[in-house]
Amino acid sequence: MREITVTQALEEAMIEEMERDERVITMATTRAPALENKFGDRRVRFTPISEAAFTGIGLGAAGSGFRPVVHWGMVTFSFVAMDQIVNQASKIRYMFGGQADFPVTYRCTTGGGAQIAAQHSQSPYSMFMHLAGLKVVLPSTPADAKGLLKSSIRDNNPVIFFECSRLAGVTGPVPDGDHVVPIGVADIKRAGRDVTVVGLAYYVREALAVADSLAKEGISVEVLDPRTLVPMDAAAIRASVRRTGRLVIVDEAPATCSAASEIAALVTEDAETFRALEAPVQRVCAAPVPVPFSPPLEQAALPDRARIEAAIRRVLTCR
Amino acid sequence: MREITVTQALEEAMIEEMERDERVITMATTRAPALENKFGDRRVRFTPISEAAFTGIGLGAAGSGFRPVVHWGMVTFSFVAMDQIVNQASKIRYMFGGQADFPVTYRCTTGGGAQIAAQHSQSPYSMFMHLAGLKVVLPSTPADAKGLLKSSIRDNNPVIFFECSRLAGVTGPVPDGDHVVPIGVADIKRAGRDVTVVGLAYYVREALAVADSLAKEGISVEVLDPRTLVPMDAAAIRASVRRTGRLVIVDEAPATCSAASEIAALVTEDAETFRALEAPVQRVCAAPVPVPFSPPLEQAALPDRARIEAAIRRVLTCR
Amino acid sequence: MSDDKTALVEMLRKMIMIREFDLLAIELRKAKKIFGALHPYVGEEAVAVGVCAALAPSDRITSTHRGHGHCIAKGADINRMMAELFGRVDGYCKGKGGSMHIADFAIGMLGANGIVAGGMPIACGAALAAQLEDRGGVAACFFGDGATGEGEFHETLNISAIWKLPLIFVCENNRYGAGNAVESVRRVTDIELHAPAYGIAGVAVDGNDVLAVRDATAQAVERARRGDGPTLLHCKTFRSLFHAMRDAPPPETRAPELLAQWKARDRDSIARFEDVLTARGVVAAADVTAIREQVKRDLEAAVEFADKSPYPDPADLLVDMFAE
Amino acid sequence: MSDDKTALVEMLRKMIMIREFDLLAIELRKAKKIFGALHPYVGEEAVAVGVCAALAPSDRITSTHRGHGHCIAKGADINRMMAELFGRVDGYCKGKGGSMHIADFAIGMLGANGIVAGGMPIACGAALAAQLEDRGGVAACFFGDGATGEGEFHETLNISAIWKLPLIFVCENNRYGAGNAVESVRRVTDIELHAPAYGIAGVAVDGNDVLAVRDATAQAVERARRGDGPTLLHCKTFRSLFHAMRDAPPPETRAPELLAQWKARDRDSIARFEDVLTARGVVAAADVTAIREQVKRDLEAAVEFADKSPYPDPADLLVDMFAE
Ligand SMILES: Cc1ncc(C[n+]2csc(CCOP(=O)(O)OP(=O)(O)O)c2C)c(N)n1
Ligand SMILES: Cc1ncc(C[n+]2csc(CCOP(=O)(O)OP(=O)(O)O)c2C)c(N)n1
Ligand SMILES: [Mg+2]
Ligand SMILES: [Mg+2]
């Protein structure tokens, strides 16, 4: 199968969906020449630096029959628009009794590792997950990125689509044609017996690398990628943990009230899974600090293979 | 001891702290006549409806030697100001290497139960807890409200101070004089042997009511009130769970990535506490919907005594 | 604008309906027949009715926390509005929204909004849709004087100007934002003065003169259709009653003289319009009485409709969350 | 303003230092001696230096993502700035901030800011502090033309106007917001035209004329001290180089003629000022050469200082999170 980068996969998805449905339009503060040349500046808009306005514009256009794809740039900038996300987008359908649909997709990049410091290295998915009313997507491979972006654009609800910056240039196989991945279905990236590692975005890859090296010692690690955070595929996660009896969750967001906290809670509140749990659930997350600029500090703040491996060994030994 | 309402307790705290330190100033979109008459309109300001601006103004004044107390009104309105909270207030001290302090307190009301529907019935504490760099306070009694507001104003960091709307008129004993409650210390509101119930705000009272009725059956419920959510008194919660072996968490925020999720994770990731855990942790939270307006729907969306009691019975029976 | 009799009479009827609807809602709220918060539009009827009289049924609007008037002016069904205030299944939002969240997308009413200025970007999105549909449609957003303090006001003005969107910014300057007089939160109260910095038209109009509002709106619609973009329309009116009530109306703190001035027959939006129409011979006193009686009957029917409608079934709590 | 020789020469030195600092930073970034993103201030030196020349050391400013010039103009230590770019413990933020987050509260530099318009409310808070301190202090916020699209711009203008805060809004209109020309995101590029709606002074000035900027700022300071509140100062300048670089500078997409125009001796902020000062006999060619050599030596020393400084100890990761 052909190999392309996540960035290329996302652009393919945009082009295919804009070709497929002329109600799909896009907005961002940066120009998208490829799309603009193909679809014109009526459907492909660049905006003033006014995130609150164009976030609401996307919602209003969605409620008026279009299917906007709004790109915030970094998730950092979405916070300027948080009223439109929290008070409007997440509530508008239910609050109005389901009388209209709001098929709008909000894209943004996330994550650290590029020495661009606190404001530009955030991974606040859980803040969006907490809001009942949004779907939340976080792919880790080019194929999932393409397939899930297509599903997000076709979904009739507001979807927050996170793009991990460190994965942008990563290549992987992507099927030809209309490759669609359903929202809400986790994927076991590697099957294993001894411990379940739930990784998010970049840390799916890191977990797989650790699984490889531990395999040499005969430790069998299952690596599960939720791919969508809302709806979360709790059934798949619980089933995996019931098989392995052990769970490690890896993400670069700080642990407090994170997606990792939620996964830990989903596992331990389920009676059957709780009974199968043989060791404390471990969260391998970022340190509780704004991501620092200096490389040695940034490395210390973010999870890495050593910490993933240590957590796996902890749950394998500690009882 | 004299009994006053939470609202009176909070006003006492404001007056005492403004008398104690003239660098304490206040801002809100609504006038505060009592304070304005006492301290004048230079220190007691009402603002245009511009939450982003006056949230940042509070931060900038704090970095310039003052101790602002900014009242957003409802937490709902803080989302208009989220950039200043997420990208500025929570990161400014660490990002700048600790060269300045930012003693600013952000007050706001939270919670449902008043039939004011989705936008005006939110309890999004966890979105603030997730941000490394903010302290987060959520009292449940008049005494704690007064003591913790005083501590928040004296704290040299940004503090988010949540005021549960349904508790505003609730009365309770408040010691005379300079009553201060330290940030970061949980309080066991009722000691018990069989199960730990961690309640937040209004649901501390509801948990206590359930504990009373179950006591008649000889079921001994320990009710723990974290009082501050950041820093969370994990030691106190874990110690309680190690004693009782069972944990129920009650809050009116939706469960996903909530404070309840965090408490569940803190308990199950600690080896010693995990070993002591005899039943799955149960979260009694709001349904995953924007709070609906119609009374029967709103009641169904929010936790209540029946659901708290059912969760307690589940953890006592299920193994 | 068409000055045909039926159109003018319908404007008068809507203004009376808006006032009577909210006066009745206040009584129902005191009697605890309805719940939550209530923001009466009494005194400001000419703004909603004047603006909507210049819009087509297919044009879209966004409203505010004070939204009953906008609903009725855009043609909403008072039975379903009342049922919503009652929190019943036959309400516009099946009881999920209440007074602050009535919407009727079928008539282009994209929702009341509890967030000050929150509806402006949404209306801007509707204006973008209208521009892309290219069928001469326009959008209008209603907002208060207090909303001009919010950044979304400025951002939406700028984007709609640069994109030349068919959008009408209707500032309902009723002199107060909750407890604060507009002079206390703005150094300049001529809100239309914001327009030049965006290169758009800024117009001030007597917001208690329904025909003036209608005509100013019609001109804004023309500009929008010509591709000249948005208009900032400053409607000067007055909030006759309190900002909001829960269980009981708050005490009136404003000077009685001031209130009296605005109640005067030559100032009150409805009385003025009645006099204009009678002077023009469009209606006779008897017609007005008939309209008032019909409005009363319709409102009684609406209350009956609402009262008969069942409460939502708690089992349906999760319904309407996500679209298929 | 005092036109005494040392003050003028110091202004020239700072302008040269700003340009050389950023040109050097670009080379260091290409050589991977420093990390992250870099936003050079080259071409805009007259704005930062002109404004800060009219401020007292105790006055406070907020900066942007393009902040090196503001730091140097306000009197920051280039050794600690360079150490910060290197991510070392002797940097202003102990390596925690980097290029986009240099601050020196001791000299009233309240921080560069990676959020467009994000610094404006913070500066407004500093202005409130100055008003309460009542010692004649003022605050200034620097922001770009692109930042005028953000709501925080409008909100801060309005609050500072109503409170008559001693605040100076310095719009650095360098003609672009990243890849977008200002004309493409604003229908009106006379940014000072926003001022009348707030009842404040709006002034446009040649942003490449350091003395004009200084004098306009001095008048704004006067207004602020008189209690007349904020001024919106529109400084028209030009971004000579790229918006931002990571590992390598992005390709130049603008017309060579345009770039050449702004490089011309009568347009370039530094060359112009040199000629003014030589014409006035304030400096001779030799003095300028001496300044340039001193700047080079200082920068070499700064790089040496930075390179010698150790990286932060990962064990200190949690230090500086919360104040006692
Ligand atoms: C963002 C936001 N901040 C504060 C509030 C609280 N609030 C509700 S209505 C109101 C006053 C609004 O005044 P105005 O815009 O003039 O509208 P009016 O009530 O006069 O119709 C305020 C402050 C809110 N709903 N939203
Ligand atoms: C709120 C926000 N949105 C978007 C960005 C991304 N961004 C960084 S700089 C920039 C352009 C800013 O232009 P301008 O304000 O003119 O400043 P200049 O770069 O020209 O100095 C943008 C869009 C950001 N940093 N913050
Ligand atoms: Mg008003
Ligand atoms: Mg610029």
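Here is the naming used below: chain letters follow the sequence lines, and residue numbers restart at 1 for every chain.
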I'd like a table of all donor-acceptor pairs linking chain C to chain D (distance under 3.5 Å, no angle check), giving the atom names and the distance to one decimal.
unit_1   : atom_1 : unit_2   : atom_2 : d
C:Thr148 : O      : D:His154 : NE2    : 2.6
C:Gly151 : N      : D:Glu155 : OE2    : 2.7
C:His154 : NE2    : D:Thr148 : O      : 2.7
C:Glu155 : OE2    : D:Gly151 : N      : 2.7
C:Asn158 : ND2    : D:Val185 : O      : 3.1
C:Ala161 : O      : D:Arg187 : NH1    : 3.0
C:Val185 : O      : D:Asn158 : ND2    : 3.2
C:Arg186 : NH2    : D:Ala197 : O      : 3.4
C:Arg187 : NH1    : D:Ala161 : O      : 3.0
C:Ala197 : O      : D:Arg186 : NH2    : 3.4

What residue, out of D:Leu157, D:Ile191, D:Val188, D:Ile159, has the most heavy-atom pairs lying under 4.5 Å from chain C?
D:Val188
From the list D:Gly229, D:Gly199, D:Gly202, the residue making the most non-hydrogen contacts under 4.5 Å with chain C is D:Gly199
Closest-packed option against chain C by number of heavy-atom pairs under 4.5 Å, given D:Leu193, D:Ile200, D:Ile162:
D:Ile162
